[in-house]
Amino acid sequence: MPELPEVESARRRIAPAMARARFTAVDLRRPDLRAPFPKRFVERLVGHRVLALTRRGKYLLAPLSSGETLLMHLGMSGSLRVGSTARPMREEPHDHVRFSMSSGKRVVFNDPRRFGLMDLIPIGGVEHHTTLRRLGPEPLSDAFDATSLARACRGKKTSLKAALLDQRVVAGLGNIYAAEALHVARLSPSRQASTIATSSGAPRESAVRLAAAIKHVLERAIARQSREADRDQRFFVYEREGEPCLTRNCSGTIRRRAQSGRSTFFCPVCQN
DNA sequence: AGTGTCGCCTGAATGC
DNA sequence: TGCATTCAGGCGACAC
């Protein structure tokens, strides 16, 4: 379930292998993931150089020397691993794409459930890309704060949980970190999203707490991702149904509730 | 337009 | 043991 922290971690791991390197070979193992690979995918990559590896929300972007941009999304079960071109890399089930780079590294995209996505955005098309264009602010940038969050939630009849999952509100949160951030902010996932803003769209104190909690939870997760031993991290609420709430001086028990066909975890005592 | 639901897909866990 | 069912969830399609 790669969300922003896992995607950022993947970016940092594969950047040394891909950035400034040329594609020397691309081994495409199947015609599609969630969507078909773009036309002439291999030909449009081989021989071209990756200028940089960046991230927008849960998307990885690799602007190329050809002027096109390689877009990658890990979906829900996707992962990238790095090896050397000097020796054969062990094949795993569900390896769908293998990039050989002039850096001497191989980058392999593996995705059992195939909810992932790869696309090539034509020259000058990044700003117009239908999905990227709709993404809200980067949560760890200065563009995201209580003010922008409150404005995005103003008048929203839907729940706070659903609002945080809406990538137009803020880019990069998924089911886990949305629940974690709401817990840290002590806000109920069922609370109506509009209640964190005044009628004019100004942030209430709850919006200040929530924006700070989102940044805190994501930064902490990214830091933990880089530590191998912490990779199997435990969460405050996610998958902790029936266990005691970790908020100081709170005697609550973590509950699970289905919300828009998805399970959300929260403490009914300290989250209001 | 905003909001909620469904289906894509596979593997792990569970039920009988 | 083995087969069927359920669940996980990002995101686009679709219905209302």
Side-chain angles (χ1 to χ4, degrees), chain A residues 1-11 29-38 55-61 71-80 91-97 108-119 121 128-136 138-139 150-182 189-197 199 201 214 217-218 221 232-235 237-242 254-266:
Chain A
M1 56 225 105
E3 301 180 27
L4 186 150
E6 292 78 23
V7 177
E8 175 60 19
S9 168
R11 186 191 71 78
R29 322 300 292 277
R30 55 172 301 120
D32 57 10
L33 296 169
R34 192 178 77 219
F37 283 92
R55 180 189 55 72
R56 181 77 175 92
K58 301 171 196 171
Y59 292 85
L60 288 170
L61 291 107
L71 183 72
M72 296 183 279
H73 192 285
L74 300 177
M76 128 108 202
S77 58
S79 63
L80 290 158
E91 282 215 29
E92 304 285 348
H94 313 295
D95 281 352
H96 303 311
V97 190
V108 179
F109 180 86
N110 182 287
D111 185 4
R113 283 170 228 187
R114 304 208 302 274
F115 278 19
L117 180 75
M118 283 203 195
D119 199 5
I121 306 174
H128 308 103
H129 192 271
T130 50
T131 304
L132 295 178
R133 196 187 43 189
R134 287 193 247 269
L135 291 180
E138 277 298 312
R151 197 174 301 135
C153 289
R154 174 188 179 184
K156 267 200 179 295
K157 296 264 186 283
T158 192
S159 66
L160 272 178
K161 175 75 183 312
L164 293 187
L165 291 177
D166 185 342
Q167 302 297 298
R168 293 168 301 183
V169 171
V170 55
L173 290 180
N175 203 40
I176 297 176
Y177 295 108
E180 294 291 291
L182 285 165
S190 306
R191 180 168 159 161
Q192 191 172 311
S194 64
T195 63
I196 67 167
S199 55
I214 289 168
V217 160
L218 295 178
D232 268 326
Q233 60 188 293
R234 296 300 314 262
F235 300 103
V237 290
Y238 184 74
E239 289 192 328
R240 290 194 63 246
E241 183 183 22
I254 303 307
R255 293 246 296 267
R256 172 212 287 255
R257 176 187 297 160
Q259 214 176 354
S260 47
R262 211 125 287 174
S263 60
T264 208
F265 298 82
F266 67 106

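Protein chains get the first letters and strands the later ones, always in sequence-line order, with residue 1 at the start of each.
Rounded to whole Å, atom P of C/dG12 lies 10 Å from atom NZ of A/Lys58. In this structure, A/Leu165 atom CG and B/dG4 atom P are separated by 12 Å, rounded to whole Å. Between the C1' atom of B/dT3 and the CD atom of A/Gln259 lies a distance of 13 Å, rounded to the nearest Å. Straight-line distance from the CG atom of A/Leu33 to the P atom of C/dG10: 17 Å, rounded to whole Å. One can place CG of A/Leu117 at 10 Å from P of C/dC11, the figure rounded to the nearest angstrom. Protein atom CD of A/Gln167 is 8 Å distant from nucleotide atom P of C/dG10, rounded to whole Å. Rounded to an integer number of Å, the gap from A/Tyr238 OH to C/dC7 P is 14 Å. Between A/Glu239 atom CD and B/dA13 atom C1' the separation is 12 Å, expressed in whole Å.
End-to-end axis angle of the helix from B/dG2-C/dC16 to B/dC16-C/dG2, from C1' rotation axes over five pairs per end: 60° (rounded to 10 degrees).
In this structure, the nucleotide among B/dG4, B/dT10, C/dG10 sitting nearest to the side chain of A/Asn175 is C/dG10. The side chain of A/Lys156 sits closest to B/dT3 out of C/dG10, B/dT10, B/dT3. Of the candidate nucleotides B/dC9, C/dC11, B/dG11, B/dG11 has the atom nearest to the side chain of A/His94. Proximity note for A/Phe115 (side chain, C-beta onward) versus C/dC11, B/dC9, B/dT10: the nearest is B/dC9. For A/Glu3, counting side-chain heavy atoms from C-beta on, the closest listed nucleotide (C/dG10, C/dC11, B/dG4) is C/dG10.
Two residues, A/Arg34 and A/Pro93, neighbour DNA chain B, and the one matched to the more 5' nucleotide by heavy-atom proximity is A/Arg34. When the nearest nucleotides of DNA chain B are assigned to A/Ser159 and A/Arg113 by heavy-atom distance, the more 5′-ward of the two goes with A/Ser159.
Separating the CZ atom in A/Arg11 from the CE atom in A/Met72 is a distance of 11.5 Å, to the nearest 0.5 Å. Taken from CD1 in A/Ile176 to CG in A/Leu4, the straight-line distance is 13.0 Å, to the nearest 0.5 Å. Here the straight-line distance linking atom OG of A/Ser159 with atom CZ of A/Arg191 works out to 12.0 Å at 0.5 Å rounding.
Between A/Glu3 and A/Lys58 there is no salt bridge, since none of the side-chain N atoms of the basic residue sits less than 4.0 Å from a carboxylate O of the acidic one.
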With side-chain contact (heavy atoms from CB on, under 4.5 Å) as the test, would you mind laying out the steps for A/Thr264 and A/Val237 before giving the verdict? CA-CA 9 Å; A/Thr264 208; A/Val237 290; over 6 Å; no
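For the OP1/OP2 pair of C/dC11 and a distance below 4.0 Å, the side-chain nitrogens and oxygens of A/His73 include at least one atom meeting the criterion. Taking only side-chain nitrogens and oxygens, A/Tyr177 never comes nearer than 4.0 Å to OP1 or OP2 of C/dG10. Of the side-chain N and O atoms in A/Ser263, one or more sit less than 4.0 angstrom from OP1 or OP2 of C/dG9.
Residues that satisfy the ring-ring contact (aromatic ring centres under 6.0 Å, His included) test with A/Phe37, not counting sequence neighbours, are A/Phe41.
Using a 4.0 Å heavy-atom distance criterion, A/Arg256 is classed as a sugar-phosphate-only contact. Here A/Thr131 lies in heavy-atom contact (under 4.0 Å) with sugar-phosphate atoms only. Across all strands, A/Arg262 comes closer than 4.0 Å to base atoms (heavy-atom distances).
Between A/Phe109 and A/His96, the angle of the ring planes lies from 30° to 60°, which puts this pair in the tilted group.
Although no hydrogens or angles enter the test, the distance criterion places no donor-acceptor pair under 3.5 Å between the side chain of A/Asp119 and the main chain of A/Pro38.
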